[in-house]
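One structure is given here, and the rest of the page talks about it.
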Amino acid sequence: MITPARVIIFVLIPFLVSGLHVRVYGAGIEFGPGDVKEGYKSSEYETRSFSLIKRTGKPADLQAVLKSPPLGLPPVSIPKDNPITFEKIQLGRKLFFDRRLSLNGTMSCAMCHIPEQGFTNNELATAVGIEGRTVRRNAPTLYNVAYFANIFHDGREKRLEYQVWLPMLAVNEMANPSIGWVVEIIQQLSDYEGLFEAAFNGRGPGVETIGMAIASYERTLISGNSTFDRWYYGGEEKALDESAKRGFRLFTGKGQCSLCHRVNDNYSLFTDDDFHNTGIGWYESVGEEPASYPVQLSPGVVVQMPAKVIESVEEPKPGDIGRYEVTLDPADRWSYKTPSLRNVELTAPYMHNGKLNTLREVVDFYAKGGVANPYLDPLITPKGFTNREKVDLVSFLKSITGDNIRILVRDAFASPIGDHN
């Protein structure tokens, strides 16, 4: 049986990646989809898969950014019961990339949160877990996750130390049957011998220490000092081009974007860490489904496949009512967390279900006022942007990409991936 996730792979990938472009930050470091399919319709198409490109890693001082936050970001609040150390970060990074910590040894945290793809996944609208099982939501980026009080699109978790266990135990993600199962796997792996004890004053692997280690690594994924930051907070007038400056004025003025994506006097996380109904989740649940979908069979060969045919070979589409599933408050139906916009240029596709492929599509969506529904957030209204204003807004959004992305990705490449021998 083909699951919904497999249908997404088959049907949507050629179209999802069409609006994304590889960005090269230096020799051997590429960013974006793992296999860009631009030009795929041509019979002359040749793959440019990253798996064919040699990439080298370089460990970084990940603690430095915690001691001195980059321009535009506040200090990171470190839990008193989990102070960050070099040993914890190194151990957490190793665990994050270790595929052996899933039921069949094929999935790691990094399989959905891919470093060179913005610590999310540019190639899938919604994530794919173990054995191709569907995960109903888009993988959120981990950049600056240390600052957020609400974790996951529905905010069902509050601490990174606890969050790490949900994907490890979810049957459609890493599928481990229990916490004890994961602990036993680590205890049996010789390359972990002594690492937990060195990081946690003699304590071995367990529910607390595993969560603490991975959380320590994730808290170091801090990225700021963008061209916007250097202009707005640093006073460098020439750091930002005129289009991006106009876009920022629209963002905080006519567009009212900053009502949810907050901009403060001394720093900006570009989120209110709250939940809003934009209509996209409502429409996904109750809107009319297209009668057919485009399916690309080979370069240049696309057919319209009736929706009923696809439904006959897939599992039922999982429901999603957003924040309501956490609070059971009817007012929270189809509300989802406001994502931070930092590094948004790198984290397509967008929205909780990955329905929008490009920043221009996102701007167009909000310019129309989202999707009308009985629970639409009153802050979301039509904006009447001109084409030039939309271009300027996209220019501004691209200006809030941090300047240390290459460092963080190269550090990630330095980690072993935990394949079975």
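If you're wondering where the values come from, they're calculated on a predicted model, not measured in any experiment. All heavy atoms count here, side chains included; hydrogens, waters and symmetry mates do not.
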Could you tell me whether the side chain of [Y] reaches within less than 4.5 Å of the side chain of [X], counting heavy atoms only?
X: Leu341; Y: Phe251; value: yes
X: Leu91; Y: Lys88; value: no
X: Thr141; Y: Leu221; value: no
X: Thr278; Y: Asp377; value: no
X: Cys109; Y: Val164; value: no

Counting only N and O atoms by type, is there a donor-acceptor contact under 3.5 Å from the side chain of [X] to the main-chain atoms of [Y]?
X: Tyr350; Y: Thr358; result: no
X: Ser102; Y: Arg99; result: yes
X: Asn343; Y: Thr401; result: no
X: Trp282; Y: Val371; result: no
X: Asn373; Y: Tyr375; result: yes
X: Asp274; Y: Thr338; result: no

_Proximity of His352 and Tyr336 rings by center, below 6.0 Å_ = yes
*asked:* For the aromatic rings, using the six-membered ring if either is Trp, is the centroid distance between Phe248 and Trp231 under 6.0 Å?
replied: yes
NZ/NE/NH1/NH2 to OD/OE distance under 4.0 Å, [X] and [Y]:
X: Arg342; Y: Asp229; result: yes
X: Arg137; Y: Glu325; result: yes
X: Asp273; Y: Lys337; result: yes
X: Glu237; Y: Lys245; result: yes
X: Arg93; Y: Asp411; result: yes
X: Glu161; Y: Arg219; result: yes
X: Asp98; Y: Lys94; result: no
X: Lys254; Y: Glu389; result: yes

*Should Asp364 and Lys368 be marked as a salt bridge (Lys or Arg N to Asp or Glu O under 4.0 Å) after you check the CA-CA gap, both sets of side-chain angles, and the distance that decides it?*
CA-CA 6 Å; Asp364 287 340; Lys368 294 186 298 184; over 6 Å; no
*More than 12 non-hydrogen atoms from neighbouring residues, nucleotides or ligands closer than 6.0 Å to CD on Glu289, yes or no?*
yes
*Around atom NZ of Lys58, are there more than 12 heavy atoms of other residues, nucleotides or ligands at under 6.0 Å?*
no
*Pairs involving residues 123-158, ordered by first then second residue, that meet ring-ring contact (aromatic ring centres under 6.0 Å, His included) (sequence neighbours left out)*: Phe119-Tyr143
